[in-house]
Amino acid sequence: MGKERMTVLLSDLEIARRVKELAAEISREYAGGKVTLVCVLKGAVVFASDLMRCLEIPVEIDFMAVSSYGSETKSSGAVRILKDLDSSILGKDLLIVEDIVDTGLTLDYICKNLLSRKPRSLKVVTLLDKPARRKVKFTPDFCGFEIPDHFVIGYGLDFNEDYRQLPGICILQPEP
Ligand code: IMP
């Protein structure tokens, strides 16, 4: 730590406002039913906990962890399940909650894996989307913010496990 420069991209207030809007949209989509949130650990944990408290429909939550960038800021492309869901998703309406879509490889893998378990429906909400870096075709059903191609931290997102506790989202740049 200490050799990076941080610039605020999204403040905690901007995020809170957008999370409420997303929750209203999602509540309308699942009105009359129940949604099972699949929170992708660890990055999405802050977003999922804020989002679920704004939803106006019955909610269940389960957690899944997949291998991510490790100590690098570029995706290796290989995805592996580190922690699987606790419960069966057969016949359920699933909403995957992700922090950020970058290359799309992680969500492409998770969606294919979960669809093979026959949920009733499967949709994805991501707080952030970096469409410029896509390696596979992937479009989230709900998206908080499209952002440019920068490495970001805060609000659950980390760099080498640091900075997850920042209330807003910041761009992290190495000191020149
Ligand atoms: P993808 O498979 O390339 O779409 O990457 C998805 C995962 O990479 C996310 O769930 C994050 O854990 C991580 N990631 C991608 N971009 C960033 C970033 O800018 N900051 C922190 N983590 C990121």
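Numbers for residues simply follow the sequence, beginning at 1. Ligands are counted one by one from 1 in listed order, and the atoms in each one are counted from 1 as well. All of these numbers come straight from a predicted model, not from anything done at the bench.
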One thing to verify: whether D12 and R17 come together as a salt bridge, which I'm taking to mean a side-chain N less than 4.0 angstrom from a carboxylate O. no
Would you say the side chains of D99 and Y155 form a donor-acceptor pair under 3.5 Å? no
For V8, give me all partners under side-chain contact (heavy atoms from CB on, under 4.5 Å), at least two apart in sequence or on another chain. C170
Under a heavy-atom criterion of less than 4.0 Å, does K42 contact ligand 1? no
Contact check, I153 vs ligand 1, heavy-atom distance below 4.0 Å: no
Proximal ligand 1 atoms for K130, defined as those under 4.0 Å from one of its heavy atoms: 16 (N), 17 (C), 18 (C), 19 (O)
Applying a 4.0 Å heavy-atom criterion (strictly less than), which segment of D158 is in contact with ligand 1: side chain, backbone, both, or neither? backbone
Quick one: does G104 get a heavy atom under 4.0 Å from ligand 1? yes
Which of the atoms of ligand 1 are close to E98, meaning less than 4.0 Å from one of its heavy atoms? 10 (O)
For H150, state whether at least one heavy atom is located under 4.0 Å from any atom of ligand 1. yes
For D141, what residues pass the side-chain contact (heavy atoms from CB on, under 4.5 Å) criterion, not counting sequence neighbours? K123, V124
Select one of side chain, backbone, both or neither to describe which atoms of T106 lie under 4.0 Å from any atom of ligand 1, heavy atoms only. both
